[in-house]
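What follows is a set of notes on a single structure, which appears directly below.
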Amino acid sequence: MPHASRPHHHHRRRRVPRPLPLVAAGALLATAAVTLPQLTPEASAATTLRGYADARGVRIGAAVGDGPLTSDSAYTTVLDREFNSVTAENAMKWDALEPSRGGYNWAAADRLVAHAAAHNQGVRGHTLAWYSQLPSWLKNGNFSAAELNTILKKHIDTTLGRYKGKVYAWDVVNETFNEDGSMRSSLWQDKLGTGYIANALRWAHAADPAAKLYINDYNIEADNAKSDALYALAKQLLAEGVPLNGIGFQSHFVVGQVPSTMKANLKRFSDLGLEVSVTELDIRIPLPASAAELAQQSADYKLASENCLGVARCAGVTVWGVTDKYSWIPGTFSGFGAALPYNESYAPKPSYTGLSNGLNPAA
Ligand code: XIL
């Protein structure tokens, strides 16, 4: 898969407090529709993505970059009309939060959390322990295992503490496996061993007991060696009483290649009692995209979202961006692009309709 070789371093309006229990959200919306004379568009017009998601009590999210958030009102108009959840595309990664040791920069992350509160959106936190986007003081610090343990705990305590009650789910660990199911080399894995995962989950739970705690990865959507290894780990963590609540399936797909085993694979994790979420959906097309490829992409968006929403404990679907204007795909997968539901001028693409139909059980 191209993904394996990528250079991957590389309330106001509805008057409800932030993240609603998912099932309650739909019920409350129904009640509100009866008791309020009218809902503002942002409280989710029925035919928007968030309208369909609210109606069934799930999340439809988007990864948000600080650039567009602060500079592009066409962007925020679509974001706030269509999405009931946001993920920081980069602003909550370690290199962004703590560029020098003890020198924190919360500005961009705070902006997104405040934006979400103002627009009745939940926040998915991304991400705490990852091999990539680490500050150089940490990557090159030659820390001992004991020091790294303390540093990771402090990072989790500080970050979850700051956003306690404002983030409904955290990707506590990200991308911990190789394609063959072995543990991927990382600062954490190499120095601390696999036990860091259970420790990180326990520290995160202590810091924000209400947040759903996730393991997140890519190329685990199909039933394959990597997802088998994750399944075994998840089962073991649950047996040990470790506070693991969910699995995030990034779902960076190539057009026409949504895995045929995806739904059954998500179901086996859901059957363990875990939430499942699609956390970073995008579907890239070799450029220039043809009409046939855009139509296939639409079918793929519908199928990918249904593969999650058709499983009992699916909490929702997050798209890795809103518009092709800002997608990470062209810069990472050379020759590919057009991966998202909106084009560069904010016109909805066929994939918007596919995603919308995937969210709308009546479609
Ligand atoms: C990507 C961002 O989209 C880019 O802006 C950044 O340069 C690199 O990271 N898996 C993840 C995400 O978990 O954090 C990555 O986001 C995409 C792949």
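Counting starts at 1 for both ligands and their atoms, in listed order. Since the structure is predicted, the reported quantities are computational estimates derived from the model, not experimental observations.
Per-residue contacts place K93 under 4.0 angstrom from the following atoms of ligand 1 (heavy atoms of the residue considered): 1 (C), 2 (C), 9 (O), 12 (C), 14 (O), 15 (C), 16 (O). Here is the list of ligand 1 atoms found below 4.0 Å of a heavy atom in Q250: 10 (N), 11 (C), 13 (O), 18 (C). Every atom of ligand 1 with a heavy atom of E89 under 4.0 Å away is listed here by number and element: 2 (C), 3 (O), 4 (C), 5 (O). Residue-ligand proximity, W130 to ligand 1, at heavy-atom distances under 4.0 Å covers atoms 14 (O).
Between D110 and R162, at least one side-chain N (NZ, or NE/NH1/NH2) sits under 4.0 Å from a carboxylate O, which counts as a salt bridge.
For the pair Q133 and ligand 1, the shortest N or O to N or O distance falls below 3.5 Å.
The side-chain hydrogen bond (donor to acceptor under 3.5 Å, both in side chains) pairs that include a residue from residues 64-73 are D66-R111, D72-K325, D72-Y326, D72-Y346, where partners are two or more places apart or lie in different chains.
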Which donor-acceptor pairs under 3.5 Å do the side chains of residues 354-363 make with protein atoms, sequence neighbours left out?
{"residue": "N357", "atom": "ND2", "partner": "T353", "partner atom": "O", "Å": "3.4"}
{"residue": "N360", "atom": "OD1", "partner": "A362", "partner atom": "N", "Å": "3.0"}

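By the criterion of a heavy-atom distance under 4.0 Å, the side chain of N174, and not its backbone, is placed next to ligand 1. Contact annotation for N90 and ligand 1: only side-chain heavy atoms (C-beta onward) come within less than 4.0 Å of the ligand. At a 4.0 Å heavy-atom cut-off, ligand 1 touches W320 through the side chain alone.
Two residues are said to be in side-chain contact when any heavy atoms from C-beta on lie closer than 4.5 Å; W188 and Y131 fail this criterion. Residues W94 and Q133 fail the side-chain proximity criterion, which asks for heavy atoms closer than 4.5 Å.
For the pair R124 and Y214, the distance from NZ or CZ to the six-membered ring centre is under 6.0 Å and the angle to the ring normal is within 45 degrees.
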